[in-house]
There are 2 protein chains.
Amino acid sequence: MTTSVRERVRAEVIGEITAAARRQLAEVGAAALSLRAVARELGMASSALYRYFPSRDDLLTRLILDGYDALGAAAEAADDPSAPPRERWLAVCRAVRNWTRAHPHEYALLYGSPVPGYTAPRDTVPAAARVGVVLGRILGDAARSGALPAAAGRARDPELVSDDAVAVLGGEHPALDDAVRLRALLAWSSLFGTISFELFGHFVGSVEDGDRYFDRVTDELAALVGLGRG
Amino acid sequence: MTTSVRERVRAEVIGEITAAARRQLAEVGAAALSLRAVARELGMASSALYRYFPSRDDLLTRLILDGYDALGAAAEAADDPSAPPRERWLAVCRAVRNWTRAHPHEYALLYGSPVPGYTAPRDTVPAAARVGVVLGRILGDAARSGALPAAAGRARDPELVSDDAVAVLGGEHPALDDAVRLRALLAWSSLFGTISFELFGHFVGSVEDGDRYFDRVTDELAALVGLGRG
DNA sequence: CCGCAACCGAGAGCAGTGCTCTCGGACAAA
DNA sequence: TTTGTCCGAGAGCACTGCTCTCGGTTGCGG
């Protein structure tokens with residue numbers, strides 16, 4: 001378990017590579033990210049880079065992991081557990097949007113088209129879930145504080161909403177049934193659907209004031225999951 | 001205005017090129033679509049292809065246009081104007097999803113990350129709007145047939161929902177104010193947000209039965225815009 | 001009917017890419 | 001000190017988008 005000096009410098013080099021790659025990603029986007037270019041930026045031969053990443057896709061996977069982490073951290077940082085649930089919801093949504101607007105290419109890498117021939121999303125799932133975890137915790141806290149309307153007590157349906165998702169979305173509680181959990185999943189995907197449409201230009205011609213539109217949308221989504229509306 | 005024989009054969013060649021490109025797109029995706037490969041498939045030199053498309057991006061733009069057209073046609077074909085509004089809404093949503101599942105790479109090209117350094121979406125807007133037009137017409141018909149609840153009569157705000165969007169979303173009607181139009185825009189983007197999450201793998205671990213989940217989601221969205229729920 | 005001009009296909013070539021292989025040097029462990 | 005593992009560099013392969021030039025065909029105007 002001792003980290004030899006070789007491992008240390010190796011980890012350091014990996015850090016430099018990912019940092020340079022992240023810069024390139026932010027500048028030119030994932031499609032134009034070139035392994036040789038990051039090698040040039042680091043002053044090393046392109047072949048040397050393969051000692052640390054087996055392929056370009058592995059480098060991108062690393063960037064995806066880091067991106068999910070950064071976005072999740074932004075969401076967590078924006079959540080003040082002492083605030084009322086609806087305010088927390090709006091604040092987290094706004095923080096997510098702000099991050100995506102500051103890192104559009106990272107966002108496209110995370111939530112745009114999968115880059116290669118369907119990269120295995122298995123190991124990225126936990127990192128990708130962090131925003132969902134934050135939103136789910138808000139929902140659960142609201143339920144436990146009695147801020148949620150009574151649920152109809154719909155029967156559980158593990159194929160519709162998996163047990164894992166239930167655990168994330170506040171756990172078991174009388175105020176939470178599959179109907180509100182489904183609406184929570186819908187709100188989650190709608191949040192990113194709205195952001196994608198904005199960043200990818202699908203709202204051109206329909207929405208001018210993106211800031212106010214987004215605020216109104218998150219308000220609707222808060223109402224959809226039972227957190228009331230402003 | 002006479003189409004000379006030269007123009008005719010030229011248009012024919014362009015058709016063959018786009019057809020071959022579309023096949024390639026369906027197989028390997030937009031990122032791996034190679035100009036030289038389509039030239040090979042057509043048995044011509046790669047340089048000859050540049051007589052018809054100035055660049056690879058122009059070919060992709062053409063495929064994007066065609067994709068929007070095909071998706072829009074599928075949505076229109078699924079809309080039976082004599083059916084009740086809610087049924088029409090559900091049918092169109094389902095048709096959109098079915099098309100995207102049959103053409104995942106085309107969908108990724110349309111609604112995934114913009115491919116080059118932000119292609120100008122100006123000329124693609126009318127083609128991209130077709131699904132929105134279908135959904136908007138359903139909303140307008142519902143309003144005119146009195147199937148929509150009374151609106152609060154919120155003041156118009158052209159920066160929030162543009163005049164063009166108003167024209168698409170059923171036009172002016174007492175049952176339609178900016179609040180329901182905003183919810184219609186939200187439903188529109190949520191439809192594609194849901195599809196994107198499903199196709200791009202973000203629902204892995206949360207939703208097993210995608211078919212039933214999608215039906216429930218479209219039901220929620222129908223309720224959101226005032227078409228009632230099942 | 002013929003000549004000209006526009007058009008078009010093919011080939012070579014350039015710069016760039018991801019990736020592999022081999023070689024030589026440096027450094028840690030025995 | 002020797003040994004073996006690791007690592008960087010260079011050459012090279014197959015591929016890409018794209019340009020340029022050359023030669024042939026073909027359709028149109030005189």
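Lettering follows sequence order; numbering is per chain, from 1.
As judged by a 4.0 angstrom heavy-atom cut-off over every strand, Tyr52(A) is placed among residues touching the sugar-phosphate backbone only. Within the 4.0 angstrom heavy-atom criterion, no nucleotide atom of any strand lies near Leu42(A). The residue Ser47(A) sits close to a base: some heavy atom pair falls under 4.0 Å. Backbone-only engagement by Leu33(A) is indicated by non-hydrogen atom pairs under 4.0 Å involving sugar-phosphate atoms exclusively.
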Could you pull out the protein-nucleic contacts involving nucleotides 24-27 of chain C (nitrogen or oxygen on both sides, under 3.5 Å)?
none

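The minimum heavy-atom distance linking Leu25(B) with Ala30(B) is given by the pair CD1-N, 3.4 Å. The heavy-atom pair separating Ala128(B) from Tyr111(B) by the smallest distance is O-OH, 4.3 Å.
Here dC19(C) presents its P atom at 9 Å from CG of Asp58(A), a figure rounded to the nearest Å. Atom CZ of Arg56(B) is separated from atom P of dT17(C) by 15 Å (rounded to the nearest Å). In this structure, CG of Leu59(A) is placed 14 Å from P of dT17(C), rounded to the nearest angstrom. Counting to the nearest Å, the P atom of dT17(C) and the CG atom of Asp57(A) are 16 Å from each other.
Residue whose closest nucleotide on DNA chain D sits further toward the 5' end, between Ala45(A) and Arg36(A): Ala45(A). Residue order along DNA chain C, read from the 5' end via each residue's closest nucleotide, puts Arg40(A) first among Arg51(A) and Arg40(A).
Using a cut-off of 4.0 Å between Lys/Arg side-chain N and Asp/Glu carboxylate O, Asp80(B) and Arg88(B) are scored as not salt-bridged. The existence of a salt bridge linking Arg62(A) and Asp66(A) is confirmed by a sub-4.0 Å separation between a basic side-chain nitrogen and an acidic carboxylate oxygen. Between Arg181(A) and Asp178(A) there is a salt bridge, since a side-chain N of the basic residue sits under 4.0 Å from a carboxylate O of the acidic one.
Think of the region where chain B sits on DNA chain D: with heavy atoms and a 4.0 Å cut, that region ends 5' and 3' at dT16(D) to dC28(D).
At a cut-off of 3.5 Å, with distance as the only test, a side-chain donor of Ser55(B) or Asp58(B) sits close to an acceptor on the other residue.
Side-chain nitrogen and oxygen atoms of Ser46(A) include none within less than 4.0 Å of the OP1 or OP2 phosphate oxygen of dT17(C). OP1 or OP2 of dC8(C) lies within a sub-4.0 Å distance of a side-chain N or O belonging to Arg10(B).
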Side chains of residues 8-15 of chain A: which donor-acceptor pairs under 3.5 Å do they make with residues two or more places apart or in other chains?
unit_1	atom_1	unit_2	atom_2	d
Arg10(A)	NH1	Arg51(A)	O	3.4
Arg10(A)	NH2	Arg51(A)	O	3.0

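Only one option out of Asp211(A), Val92(A), Thr218(A) pairs with Arg97(A) in a side-chain contact (heavy atoms from CB on, under 4.5 Å); it is Asp211(A).
No donor-acceptor pair closer than 3.5 Å links the side chain of Arg101(A) to the backbone N or O of Leu199(A).
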